[in-house]
J.: 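Here's a structure for you.
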Amino acid sequence: MWQRIGERVLAFLPSLTMANAAQQSGFGRRGTVQKWSRTFIPTTREAPADAEVPSHIMLHRAGYIRAVGAGIYDYLPLAHRVLEKVKGIIREELEAAGAVEMLMPALEPFELFNETKRDETYGDNLFRLKDRKGRMNALAPTHEEVITSLLKGAVNSYAQLPLNLYQIQTKFRDEARPRAGLLRCREFLMKDAYSFHSTVEGKGGLNEAYDAMFAAYSNIFKRCGLDYLAVEAESGPIGGSASHEFMVRCASGEDTVLRCPVSGYAANVEKCEIGERAKGTFNEAPSGELTEVHTPNLPGIEEVGKVMKVKPDRMLKTIVFANKGEGGPKWVVAVVRGDHEVNEGKVKSLAGVSAIELAPVEEAKKAGFAVGYVSPRVINTVQGVVLLVDSDASGGGFWASGADKIDHHVKHFNWRREVGAALDDASKVKVGDVRNAVVGDPSPRAAGAKLEAEKGIEVGHIFKLGTKYSAAMGLQVLNSDQQRIPVIMGCYGIGVSRTMAACVEMSHDQDGIIWPWAIAPYHVQVTVMKHDDAAQLAAADQVCAALRDAGLDVLVDDRDERPGVKFKDADLVGLPVRITIGDKALAEGCVEFKTRKGGGKGDLVKLADVVTKVMSVAQ
RNA sequence: CAGGGUGUAGCUCAGCUUGGUAGAGCGCUUGGUUUGGGUCCAAGAGGCCGCAGGUUCAAAUCCUGUCACCCUGACCA
């Protein structure tokens, strides 16, 4: 057993694609032959009314999944086979990257989450349940706490590191709104890995593992046949420093990423940097006299703009944040153009503070902010404010702004006239990037290039966690200098069930799913035209046996159904190759060969050449 | 959490306004027919009309409550 695994890993080292081809062409692997009549593939002509996205509709109609409750699904045999194939690829690549598989419980005591405060930060998304003794438990959304506490009792020395442990397991999240079939579930299949290090740099350090995992993820998604993009990302509530998301590219994706067509730089909206933009001098001439306008009961920029007859891109949006970090100003006030969105991460870094939150309304009012009607003038009227002005909001010309007075806005706001000398004090006013990037913004990595938007589905996410969890939970090791140091961690996730759905989103047509070779539940569908014809059955047996011996997985449609039904179902199920056994071709010693992707009529292939022909399209 | 919508046969849905014995298509069973892209004909089986109260001689239909599910938003490794 060990030897076999060893061989396989070795086989991957020289060239992953070669090894992949060998595995897929069946080298050293026995294939499967499954009769349709003896498995469970409940195809339907119509999808349930609540299925809206293509992957949900197709996976339901083709008999892969069934809904059990909101965001909870059965994985029927076909889906199970796809998941197993994805898991197989994940295992091979992770083992090659030095990770080791284990299994942790989905159920865990709630107290585990107290130390890291994730009971609060994860909030309602954490599934809680009470046991018979009245103790609180959680259904794990991820396993940082469990694995950190595990290592705490077992790892004491830097010599025991690095370590990279992973599992493939069911995860639970009490989503505010499960939706889109398998794409956003309350219970789903996830691969999560955690790495542990005594250093960041160098051999055995976090960066080395992170890079190895990045490469492994790239291999995994490539081998799965997915069109994907690795993008820079915010690390979110899980915390940490660096992070990348792996997105399957498809128009129906929920997430937007921005991409520079010249440099290849890609990042999600929260993270995306913006290239150099023109800034104002703050000395431009006023566009007119400052005029107050009565604007009561208007909920947003759009509505205010309509009443004032000003387009949002000529309005200043002024947002008040409270500094939650150590030291620094009490308030951080960010100003962006009305049609832009403030980016908290960028506000934080430009202000040079470690944590901010949207100012609590009551506190802000008490401090003197006319919440909802704030203007940049607060720099002169409220104590402890640092003002951050987005480059695009720093120019001259006409501006509308809040009036620092409830129910009022002003027209012809002019930076110099309204704000004055404070503009020249770099400790009070900073101009830079504090907003989300949008399509058409200058690329941060290539002069003259403009950012483009792409839609995608997040299927993988890797993080450099640092010491967030080890520090909070006291996981330390002794280093070579006899000092106790918190362990440095990374964590790495792949949504396995989501990957299956994302693949369908990416690869389907009107008739059904089109599986990539590597994760198709079976490679070949053999359709027997007459289920009770001895000659056809004999030919089917021969073809199936040959394919199986070549290491291929075969689904043979032996049902007593009309040809039309079988063909429709074959398209729906979406196996890469369909071989049809019928009288006409058989009379010439042939079968019909057709790829799901290629469509068309199909070629006649001699019985003896079937395996070769199928192999020729394996990819 | 806010706003909207839907619960009737395995699936898609009609019936509800105006209360009076539960409907269609697909699927399923049986028989026949047909046999290369969801055949055709006939006969069947199948429903606590989400659940609980109420109004009424009588409730799928009206009223109240409740639960579930879906959509938009908020939220979201």
Side-chain angles (χ1 to χ4, degrees), chain A residues 42-53 56-57 60-63 66-72 118 121-126 140-145 171-181 183-186 188 190-194 233-240 243-247 254-255 268-270 299-300 358 457-465 468-469 490-496 498 510-512 527-533 536 557 559-572 578 580-586 591-592 594 599-602:
Chain A
T43 60
T44 62
R45 205 184 285 243
E46 284 176 287
D50 53 33
E52 295 204 331
V53 297
H56 190 187
I57 294 170
H60 180 100
R61 287 193 54 210
R66 284 294 184 269
V68 176
I72 313 172
R118 279 217 301 170
T121 53
Y122 229 90
D124 291 336
N125 268 12
L126 189 61
T142 62
H143 278 75
E144 284 80 2
E145 287 84 358
K171 292 283 190 282
F172 298 88
R173 292 192 193 171
D174 196 355
E175 289 287 348
R177 186 146 90 82
R179 69 180 111 184
L183 291 175
R184 172 149 256 110
C185 283
R186 294 197 294 169
F188 58 97
M190 172 169 163
K191 185 285 301 176
D192 49 326
Y194 307 90
E234 282 293 333
S235 44
I238 212 160
S243 173
H244 284 86
E245 288 174 348
F246 289 79
M247 318 280 298
E254 273 190 320
D255 297 321
N268 70 16
V269 171
E270 288 75 40
L358 208 54
I457 299 167
E458 179 190 351
V459 290
H461 203 155
I462 59 178
F463 304 82
K464 292 182 186 175
L465 283 179
K468 178 180 161 119
Y469 291 90
C491 80
Y492 318 89
I494 291 179
V496 179
R498 183 187 271 185
Q510 282 193 323
D511 295 320
T527 300
V528 184
M529 296 307 298
K530 293 180 183 164
H531 75 288
D532 52 359
D533 180 287
Q536 289 189 12
D557 190 347
R559 294 176 300 168
D560 177 12
E561 285 289 354
R562 294 176 54 81
V565 173
K566 293 190 177 194
F567 291 144
K568 285 287 184 192
D569 276 350
D571 287 345
L572 209 46
R578 189 181 87 201
T580 308
I581 298 180
D583 285 336
K584 278 180 240 162
L586 213 49
V591 296
E592 281 168 61
K594 192 168 178 292
K601 271 286 295 176

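In what follows, chains carry the letters A, B, and so on, assigned in the order in which the sequence lines appear, proteins first and then strands, with residues in each chain numbered from 1. Computed from a predicted structure; not experimentally measured. Note that these values count all heavy atoms, side chains included, but never hydrogens, waters or copies made by symmetry.
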J.: Quickly work out the A:Asp50 CG to B:C69 P distance and round it to whole Å.
T.: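 One finds 11 Å between P of B:C69 and CG of A:Asp50, rounded.
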
J.: Which whole-number value in Å describes the distance from A:Glu254 CD to B:C71 C1'?
T.: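 Roughly 13 Å, once rounded to whole Å.
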
J.: When you compare the protein's N or O atoms with those of nucleotides 72-74 of chain B, which come within less than 3.5 Å of each other, and at what distance?
T.:
residue	atom	partner	partner atom	Å
B:U72	OP2	A:Arg177	NH1	3.2
B:U72	OP2	A:Arg177	NH2	2.7
B:U72	O4	A:Arg177	NE	3.4

J.: Tell me the interatomic distance from A:Lys584, atom NZ, to B:U35, atom P, rounded to whole angstroms.
T.: 12 Å

J.: Could you tell me whether A:Arg578 contacts a base, only the sugar-phosphate backbone, or nothing, with contacts defined as non-hydrogen atoms closer than 4.0 Å?
T.: base

J.: From the set B:G38, B:C76, B:U12, return the single nucleotide nearest to any side-chain atom of A:Glu175.
T.: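 Minimum distance to the A:Glu175 side chain belongs to B:C76.
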
J.: Could you please name the option among B:U12, B:G38, B:U35 that lies closest to any side-chain atom of A:Pro563?
T.: B:U35

J.: What does A:Asp569 touch in the nucleic acid at a heavy-atom separation under 4.0 angstrom: a base, only the sugar-phosphate, or nothing?
T.: base

J.: Could you tell me which non-hydrogen atom of A:Arg498 sits nearest to which non-hydrogen atom of A:Ile457, and how far apart they are?
T.: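 Distance-wise, the nearest heavy atoms are CD-CG2, 4.0 Å.
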
J.: Counting only side-chain nitrogens and oxygens, does A:Arg562 get under 4.0 Å of the OP1 or OP2 atom of B:U39?
T.: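 Checking A:Arg562 against B:U39: at least one side-chain N or O falls below 4.0 Å of OP1 or OP2.
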
J.: Contact class for A:Ala67 vs. all strands (heavy atom < 4.0 Å): base, sugar-phosphate, or nothing?
T.: nothing

J.: Counting any heavy atom closer than 4.0 Å, what does A:Ile462 reach on the DNA or RNA strands: base, sugar-phosphate only, or nothing?
T.: nothing

J.: Could you run down nucleotides 42-52 of chain B 5' to 3' and tag each one B, S or - for protein heavy-atom contact under 4.0 Å?
T.: -----------

J.: Tell me the interatomic distance from A:His56, atom NE2, to B:C11, atom P, rounded to whole angstroms.
T.: 13 Å

J.: Got a salt bridge between A:Arg184 and A:Glu254, using NZ or NE/NH1/NH2 to carboxylate O under 4.0 Å?
T.: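 Yes, charged N to carboxylate O under 4.0 Å.
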
J.: Nearest heavy-atom pair of A:Gln536 and A:Asp583: which atoms, and what distance?
T.: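 Result for this residue pair: NE2-OD1, 3.0 Å.
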
J.: Please list each protein N or O that sits under 3.5 Å from an N or O in nucleotides 26-29 of chain B, with the distance.
T.:
residue	atom	partner	partner atom	Å
B:C26	O3'	A:Arg45	NH2	3.4
B:C26	O2'	A:Arg45	NE	3.4
B:G27	OP1	A:Arg45	NH2	3.3

J.: Write down the distance separating the P atoms in B:G10 and B:C49, rounded off to the nearest Å.
T.: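 Rounded to whole Å, the distance is 12 Å.
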
J.: Is A:Asp571 side chain donor-acceptor paired with the B:G37 base, going by distance under 3.5 Å alone?
T.: yes

J.: Specify the separation, in whole Å, of atom CZ of A:Arg66 and atom P of B:C11.
T.: 9 Å

J.: Within the 4.0 Å heavy-atom criterion, would you say A:Phe246 contacts the bases, only the backbone, or no part of the nucleic acid?
T.: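 If one applies the 4.0 Å heavy-atom cut-off, A:Phe246 turns out to touch nothing in the nucleic acid.
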
J.: So which nucleotide from B:G36, B:C69, B:U39 ends up closest to the side chain of A:Val565?
T.: B:U39

J.: Please state whether the base of B:G38 and the side chain of A:Arg61 form at least one donor-acceptor pair under 3.5 Å?
T.: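 In this structure, the two groups form a donor-acceptor pair.
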
